[in-house]
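Read through the structure below, which is laid out as structure tokens, and then see the notes.
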Amino acid sequence: MNQSLTVYGALGSGSVPVEAALTLIGLPYDIVEAATWDFDPEVLAMVEKVNPLMQIPALVLPSGEVLTESAAILVWLADSHPEARLGPPVGDPRRGQFLRWMTFVPAAIYSLFWVRDEPSRLGGPDPAQGERIKAATAERIADCWRMMDGQIAPAGHYLLGDDLSVLDLYVTVVSRWGPGRNRFYREAPGLTPVVRRVDADPRLAAFWAERFPFAEGWER
Ligand SMILES: N[C@@H](CCC(=O)N[C@@H](CS)C(=O)NCC(=O)O)C(=O)O
């Protein structure tokens, strides 16, 4: 039996907040690099063994149990390692809002990338239709960030207070995707200092450089 955790993930992908949480907790893990969006049949066949949807992230536990769904993995990690203070525990008054926003990010925003990354999945082969889908989903994502910004007033350095939580890691990574960070800054000025703080967290500097590098013009 493999004694360590294995993350099926990829550079810049939804596995990055999971890997960041593992880094902050200090848990060793192996990575199976699997950029699913390249549609390499060998990579997809490998991922399918742990996730029939052929999506990353997936976390394989030493027992062989598999967890999929980024939000579930993040909440599970926070709950399993209370000493790392990565999320309000059951009974904490912030728990409801924690679960609310941990669900909102994948339900309202992340799920749109299934079509954004490959618009022909819903729009067919017409490139013009693909462009319309890209533009419409960009607007929807921007609306969602604006709505979230209107509903959360960070009560400390981070979204839920003074402890960095997996919600901060999640929003920081997902807001780097389309329509891009500059748009996020415009739509969500209240959340902006938080993601900038997480981008600049010295505990994650080496991790970001390796797994989601700040390349020239990354904010777009
Ligand atoms: N609901 C899933 C979504 C995962 C997801 O969309 N992952 C992307 C990479 S960031 C993927 O594997 N896309 C390939 C595909 O959907 O075919 C989660 O939150 O983990």
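Order of listing sets the numbers, starting from 1, for every ligand and every atom in it. Residues: numbered from 1 along the sequence shown.
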Legend entry - Hydrophobic cluster of M54, others only, ordered by chain and residue number, side-chain cut-off 4.5 Å: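 Under the 4.5 Å side-chain rule, M54 groups with F39, L44.
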
Legend entry - Under-4.0 Å salt bridge between E33 and R211: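 Looking at E33 and R211, the cut-off is met.
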
Inset, instruction - Identify whether the distance between the nearest side-chain nitrogen and carboxylate oxygen of D143 and R146 falls below 4.0 Å. - result: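 Yes, charged N to carboxylate O under 4.0 Å.
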
Inset, instruction - May I have all residue pairs that pass ring-ring contact (aromatic ring centres under 6.0 Å, His included) and include part of residues 126-166, sequence neighbours excluded? - result: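 For residues 126-166: W145-F184.
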
Inset, instruction - Report yes if the distance between the aromatic ring centroids of F212 and W218 is under 6.0 Å, otherwise no. - result: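 No, the ring centres sit 6.0 Å or more apart.
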
Under a 3.5 Å threshold, I'd like every N/O contact between ligand 1 and protein atoms, with atom names and distance.
{"from": "ligand 1", "atom 1": "1 (N)", "to": "E69", "atom 2": "OE1", "distance (Å)": "2.6"}
{"from": "ligand 1", "atom 1": "6 (O)", "to": "Q55", "atom 2": "NE2", "distance (Å)": "3.4"}
{"from": "ligand 1", "atom 1": "7 (N)", "to": "I56", "atom 2": "O", "distance (Å)": "2.7"}
{"from": "ligand 1", "atom 1": "7 (N)", "to": "Y110", "atom 2": "OH", "distance (Å)": "3.2"}
{"from": "ligand 1", "atom 1": "12 (O)", "to": "T36", "atom 2": "OG1", "distance (Å)": "2.7"}
{"from": "ligand 1", "atom 1": "12 (O)", "to": "I56", "atom 2": "N", "distance (Å)": "3.0"}
{"from": "ligand 1", "atom 1": "16 (O)", "to": "Q55", "atom 2": "NE2", "distance (Å)": "2.9"}
{"from": "ligand 1", "atom 1": "17 (O)", "to": "R121", "atom 2": "NH1", "distance (Å)": "3.4"}
{"from": "ligand 1", "atom 1": "17 (O)", "to": "R121", "atom 2": "NH2", "distance (Å)": "2.8"}
{"from": "ligand 1", "atom 1": "19 (O)", "to": "S70", "atom 2": "N", "distance (Å)": "3.3"}
{"from": "ligand 1", "atom 1": "19 (O)", "to": "S70", "atom 2": "OG", "distance (Å)": "2.6"}
{"from": "ligand 1", "atom 1": "20 (O)", "to": "S70", "atom 2": "N", "distance (Å)": "2.8"}
{"from": "ligand 1", "atom 1": "20 (O)", "to": "S70", "atom 2": "OG", "distance (Å)": "3.4"}

Inset, instruction - Could I get the full list of side-chain hydrogen bond (donor to acceptor under 3.5 Å, both in side chains) partners for S15, not counting sequence neighbours? - result: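 S15 satisfies side-chain hydrogen bond (donor to acceptor under 3.5 Å, both in side chains) with S13, E19 only.
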
